[in-house]
Each structure stands twice: as C-alpha cells, then as structure tokens.
There are 2 protein chains.
Amino acid sequence: MAPEAKAALFDQFALVGKAFANGRRAELVDVLAQGERAVEALAGQIDQSVANTSQHLQVLARAGLVRSRREGNRVLYRLADEQVEALWETLRAVATANVSGVHQAAEEYLGDREGLEQVSRDELARRLGEGALVWDVRPASEYEAGHIPGAISVPPDEVQRRLDDVPDDVEVVAYCRGRFCVYADAAVRALVAAGRRAVRLDEGFPEWRRAGLPVAVGTD
Amino acid sequence: MAPEAKAALFDQFALVGKAFANGRRAELVDVLAQGERAVEALAGQIDQSVANTSQHLQVLARAGLVRSRREGNRVLYRLADEQVEALWETLRAVATANVSGVHQAAEEYLGDREGLEQVSRDELARRLGEGALVWDVRPASEYEAGHIPGAISVPPDEVQRRLDDVPDDVEVVAYCRGRFCVYADAAVRALVAAGRRAVRLDEGFPEWRRAGLPVAVGTD
DNA sequence: CAACTATTCAAGCAAATTCTTGACAATCAA
DNA sequence: TTGATTGTCAAGAATTTGCTTGAATAGTTG
C-alpha cells in the first residue's frame with residue numbers, strides 16, 4: 001500500500017484545515033456566514049487591504065469553502081454550502097472548549113460577560129410568545145437578507161436613538177451574528193444602563209437558520 | 001472597538017485550523033480516533049520520524065485537540081473529546097464535497113470503488129438480524145478496544161487465511177476505520193475474488209460509536 | 001549503578017505563508 | 001472614449017512551518 005498515496009489523500013483534507021489556519025480567513029468565513037459580500041466590504045470587515053483580502057478569498061476558494069460570482073463591477077463571495085457553516089461552528093466550539101487562550105481573548109474583545117444574561121433559542125421562542133421585544137442588532141442589510149420572525153432591525157449605530165422606544169415593563173432580547181459578536185452585548189449593556197430589562201440570545205442568526213427554525217426575509 | 005482584540009480572538013480559533021493544516025497531523029487525528037496510542041506507534045502509522053511525530057503531537061496539544069498521559073516510559077496520546085472527532089468528521093465531509101482533488105487522491109489510494117458495494121449503518125443492522133457475517137477488519141487491538149456487537153475480528157493480515165471460513169451462501173459485511181480506510185476494501189475484494197458475497201460499511205467504527213449505537217468491548 | 005527504551009528538546013535549513021506595493025484587467029458612468 | 005471603481009496578479013521581505021540530526025530527559029531493567 002503506497003504510503004505516498006495515503007499522504008496525498010490526507011494532504012487534500014489538510015487543504016480545508018489550511019483554509020482555517022489563519023485568523024483573517026476565519027474572520028472572512030464568519031462574515032460570509034451572514035451572507036454574500038463583495039471583496040471591498042470584506043476587506044473593511046477584517047481590516048486588511050483589498051489585495052490581501054482577495055488573496056485570502058482565493059485560498060478559501062481553492063479549499064472549496066467559498067464560491068464567487070461577478071455582479072457588474074463587483075465580485076460577490078459566499079460560503080459554498082451549509083456544511084461549511086457547520087464546520088466553522090464546530091471549529092469554534094472545539095476552540096472554545098479546548099483552547100485556553102480563547103476565553104482571555106474573548107474577554108479582551110467582548111468585555112466581561114459576568115452579569116450579562118444569555119438565553120437559548122428555546123427561551124427566546126417562549127419569550128417571543130409572551131410579547132418580548134426582539135432586536136436584531138446587525139447592519140440593516142443583514143437583517144433584510146434574513147432574520148428571526150418578529151424581530152425588528154436595530155442596527156448597531158441606532159441603538160442609542162432607540163432606547164426610548166422600549167417601555168419599562170417590556171424585556172428586550174437582542175441577537176446578532178453569533179456567540180462572539182459584540183453588537184448584542186453592546187445593545188444589552190446600553191439598554192440595562194438606560195434602566196430597561198434586556199438579555200442576549202446566546203448564539204446568533206446563522207445558528208438559528210442552520211437549526212431549521214423559521215426565517216423572515218425583507219424589511220417586515 | 002479594538003480591531004486587534006477581534007484579530008486576537010480569531011487567531012485563537014485559527015489555532016484549531018492550523019492543527020488540521022497539515023496532512024501528517026490529519027493522519028494522526030484519524031488514527032487517534034480509533035483510540036489511545038503511544039508516540040512510536042503513531043510515528044509508524046504516519047510514516048515519520050519519532051521526533052517529528054512528537055512535534056506534531058505538541059501542535060495538536062497546543063490546539064487542545066489531544067491530551068496525553070504517561071504510562072511507564074511511554075506517553076499515550078488520545079483525542080481530547082468527542083467534539084474533536086465530530087470536527088474531523090465534518091472536515092472530511094466538507095473536503096469530500098468541495099475539494100476536487102480528494103476524489104482523485106482517494107482513487108489513487110483506495111483503487112477504483114466502481115463495483116464495490118457499500119451499505120449504510122441501518123442496512124448493516126438489518127443484515128446483522130438476518131444472519132449476515134460482520135468482519136471487523138482492523139488490527140486486533142482496535143477491535144478489543146471497541147467494535148460493533150456481533151462483529152468478529154479479522155485483522156488485515158488474516159483476511160486470506162479466513163476466506164474459507166465463510167460459507168458460500170452467507171454475505172459478509174466488512175468495516176474498518178472509516179470511509180477512507182483501505183482494509184475493508186481489500187477484504188471485500190478478496191472475498192469477492194474467492195467467490196463469496198461481500199460488501200463494506202460505507203463508514204467506519206468511530207462514526208458508529210459517535211452515532212450512539214451499541215458498542216462491544218473485549219474479545220467477545 | 002549502568003544500559004536501554006521512549007520521548008522531548010534545540011538548532012538549523014529549505015520551503016511555505018502572509019502581508020505590502022505597484023501594475024494590470026474588467027466594468028461602469030459620463 | 002476617458003476616468004473612476006473594483007478586483008486580481010506578481011514580486012519581494014519578514015516570519016512561520018516542517019523536517020532532520022544529535023543531545024538531553026524520564027523511566028525501566030539487569
């Protein structure tokens with residue numbers, strides 16, 4: 001049995017590992033899990049040059065994780081399929097459970113989550129039924145591409161303006177891109193500071209969609 | 001919001017990607033999915049020097065994918081938890097679906113699978129009930145560490161000797177380490193060449209165990 | 001204790017990765 | 001067509017990775 005043939009096969013598997021072997025590419029996958037994006041927008045999100053971003057996208061494309069299509073002037077990238085999202089989700093879970101540095105880095109990025117109440121999907125569904133207000137704290141374009149039915153769009157930079165729309169006796173559940181997304185944390189903190197009651201969904205919209213739960217599209 | 005803090009967090013996630021970014025490390029994870037192993041044995045499996053293998057294992061350990069314990073003068077490595085297995089399984093699935101080179105490399109390693117019948121877990125369970133013979137074509141130590149109840153151990157190098165034990169009218173279902181494991185393929189081909197009926201389980205023992213199906217331990 | 005086995009460590013070198021810069025290509029708008 | 005926008009390509013420098021070799025460490029055996 002040729003050991004080189006076995007090595008060659010596993011080298012192919014490793015291509016997918018290589019795709020996730022860089023923090024910037026991981027960020028790209030995370031953003032693309034929200035939907036299609038042009039190169040320049042992606043470059044902005046990961047704080048890198050357009051040229052570098054383009055090259056990272058090609059590494060992802062060679063590993064089959066993303067596909068692209070041209071629309072006029074721009075090239076739009078998207079994740080290849082749902083399995084890629086599942087892989088990214090599992091990878092984050094493994095890292096969270098086993099890489100010691102994740103907790104410190106997460107606290108550095110998100111701040112101390114002590115005292116920030118988180119609820120599960122089931123709990124959110126229950127509270128929706130009880131008249132809770134659900135805030136989708138992502139950029140408006142992501143909300144329009146798909147959101148939890150019943151949620152209203154409150155983009156990150158509008159949170160302050162909308163604090164007064166919330167009655168004192170209504171609890172807000174905020175969600176955004178995922179477990180490690182800052183927007184919902186910031187919204188909950190702002191709401192609590194303004195004397196309202198607020199909690200965040202423990203995960204994000206991609207996980208909700210992947211779980212097969214209902215999704216609303218458009219501006220509602 | 002500090003972009004360096006976000007980058008640092010995703011760099012932590014990327015550590016797990018880096019762990020899978022090398023074919024030899026992927027092979028290590030694949031072997032470890034069968035159970036605990038000492039460094040020297042692992043080195044043999046991946047056809048590398050002990051020193052190099054040790055270093056790869058430390059990369060895996062830093063990413064939290066493996067743990068080790070000393071037993072006498074040997075150090076035994078094992079996967080950190082079931083999630084790591086799940087991650088490896090998903091990664092292979094993504095690669096199989098999206099990396100074009102996988103199919104060619106797999107054929108190079110496994111040979112043409114045209115005409116090699118594969119059955120699912122459910123189908124194997126059904127056939128077990130109907131009196132089919134199930135062969136566990138892995139080294140005896142792996143069989144003893146855990147196998148499908150009702151399966152008998154037929155290590156790779158004993159396949160030829162055991163061909164005559166199989167009655168003409170009984171079908172054999174062979175399985176080994178996983179979808180890309182050669183042992184079951186070889187056994188099925190040998191059986192068919194000897195005029196017996198034989199098929200292989202489409203996946204391997206780790207997937208069976210991970211699915212929560214019953215497992216037998218020992219020599220039966 | 002010395003000799004032996006199994007593993008890790010450290011140094012070194014070739015190859016790969018990551019980012020930068022500037023040139024080039026495709027599309028759109030005027 | 002010209003100019004502006006958006007993305008890719010190519011070359012190069014700094015860093016990291018992957019493997020080798022030989023020495024060092026931990027534990028066992030005689």
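These values consider heavy atoms only, across backbone and side chains, with no hydrogens, waters or symmetry-generated copies. First the proteins, then the strands, lettered A, B, ... as listed; each starts at 1.
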Trainee: Whole Å only: how far is the NE2 atom of A:His56 from the C1' atom of C:dT20?
Mentor: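 The distance from NE2 of A:His56 to C1' of C:dT20 comes to 12 Å, rounded to the nearest Å.
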Trainee: Map B:Asn22 and A:Glu40 onto DNA chain D by nearest heavy atom, then report which one ends up closer to the 5' terminus.
Mentor: A:Glu40
Trainee: Expressed as a whole number of angstroms, how long is the span from A:Asp11:CG to C:dA16:P?
Mentor: 12 Å
Trainee: Would you tell me if any nitrogen or oxygen in the side chain of B:Ser49 comes within less than 4.0 Å of OP1 or OP2 on D:dT20?
Mentor: yes
Trainee: Could you check B:Leu42, B:Val84, B:Leu65 and say which one makes a side-chain contact (heavy atoms from CB on, under 4.5 Å) with B:Leu32?
Mentor: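 It is B:Leu42, the one option of B:Leu42, B:Val84, B:Leu65 that forms the side-chain contact (heavy atoms from CB on, under 4.5 Å) with B:Leu32.
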Trainee: What nucleotide among C:dT17, C:dT7, D:dT20 has an atom nearest to a side-chain atom of A:Lys18?
Mentor: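 Minimum distance to the A:Lys18 side chain belongs to C:dT17.
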Trainee: Atom CD1 of A:Ile46 to atom C1' of C:dT18: distance rounded to whole Å?
Mentor: 12 Å
Trainee: Measure CG/A:Leu15 against P/C:dT17 and give the value in whole Å, please.
Mentor: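 Result: 9 Å.
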Trainee: Just how far, in rounded Å, is P of C:dC28 from CZ of A:Arg74?
Mentor: 11 Å
Trainee: Remember a base hit wins even if backbone is also touched, and classify B:Gln55 as base, sugar-phosphate or nothing at under 4.0 Å, heavy atoms.
Mentor: base
Trainee: Please give, in whole Å, the distance from D:dC19 C1' to B:Asp47 CG?
Mentor: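 Those two atoms, CG and C1', are 13 Å apart.
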Trainee: Can you tell which of C:dC19, C:dT5, D:dT5 lies closest to the side chain of B:Asn73?
Mentor: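 Looking only at heavy atoms from C-beta outward on B:Asn73, the closest nucleotide is C:dT5.
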Trainee: Is the terminal nitrogen or CZ of A:Lys6 (NZ for Lys, CZ for Arg) located under 6.0 angstrom from the six-membered ring centre of A:Phe10 and within 45° of that ring's axis?
Mentor: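 Yes, A:Lys6 lies over the aromatic ring of A:Phe10.
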Trainee: Hey, is A:Glu107 close enough to A:Arg113 for a salt bridge, meaning N to O under 4.0 Å?
Mentor: no
Trainee: Going by an N to O cut-off under 4.0 Å, is there a salt bridge joining B:Arg200 and B:Asp185?
Mentor: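 Yes, this pair counts.
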Trainee: Whole Å only: how far is the CZ atom of B:Arg37 from the C1' atom of C:dA6?
Mentor: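 From B:Arg37 CZ to C:dA6 C1': 17 Å.
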Trainee: If you check every side-chain atom of A:Arg24, which of C:dC19, D:dG27, C:dT21 has the closest atom?
Mentor: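 So the nucleotide nearest the side chain must be C:dC19.
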Trainee: To the nearest angstrom, how far is B:Glu27 atom CD from D:dG18 atom P?
Mentor: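 Rounding to the nearest Å, CD of B:Glu27 and P of D:dG18 are 14 Å apart.
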Trainee: Using a cut-off of 4.0 Å on non-hydrogen atoms, how would the nucleic acid contact of B:Val50 be classed: base, sugar-phosphate, or nothing?
Mentor: base
Trainee: Is a side-chain donor or acceptor of A:Trp208 paired with a backbone partner of A:Pro214 at a separation under 3.5 angstrom?
Mentor: yes
Trainee: Using the closest heavy atom to pick a nucleotide of DNA chain C for each, name whichever of A:Glu71 or A:Asn52 lands nearer the 5' end.
Mentor: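 Checking each residue's closest nucleotide, the 5'-ward one belongs to A:Asn52.
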Trainee: With a 4.0 Å cut-off on heavy atoms, is B:Ala38 in touch with a base, just the backbone sugar-phosphate, or nothing at all?
Mentor: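 Result for B:Ala38 = sugar-phosphate.
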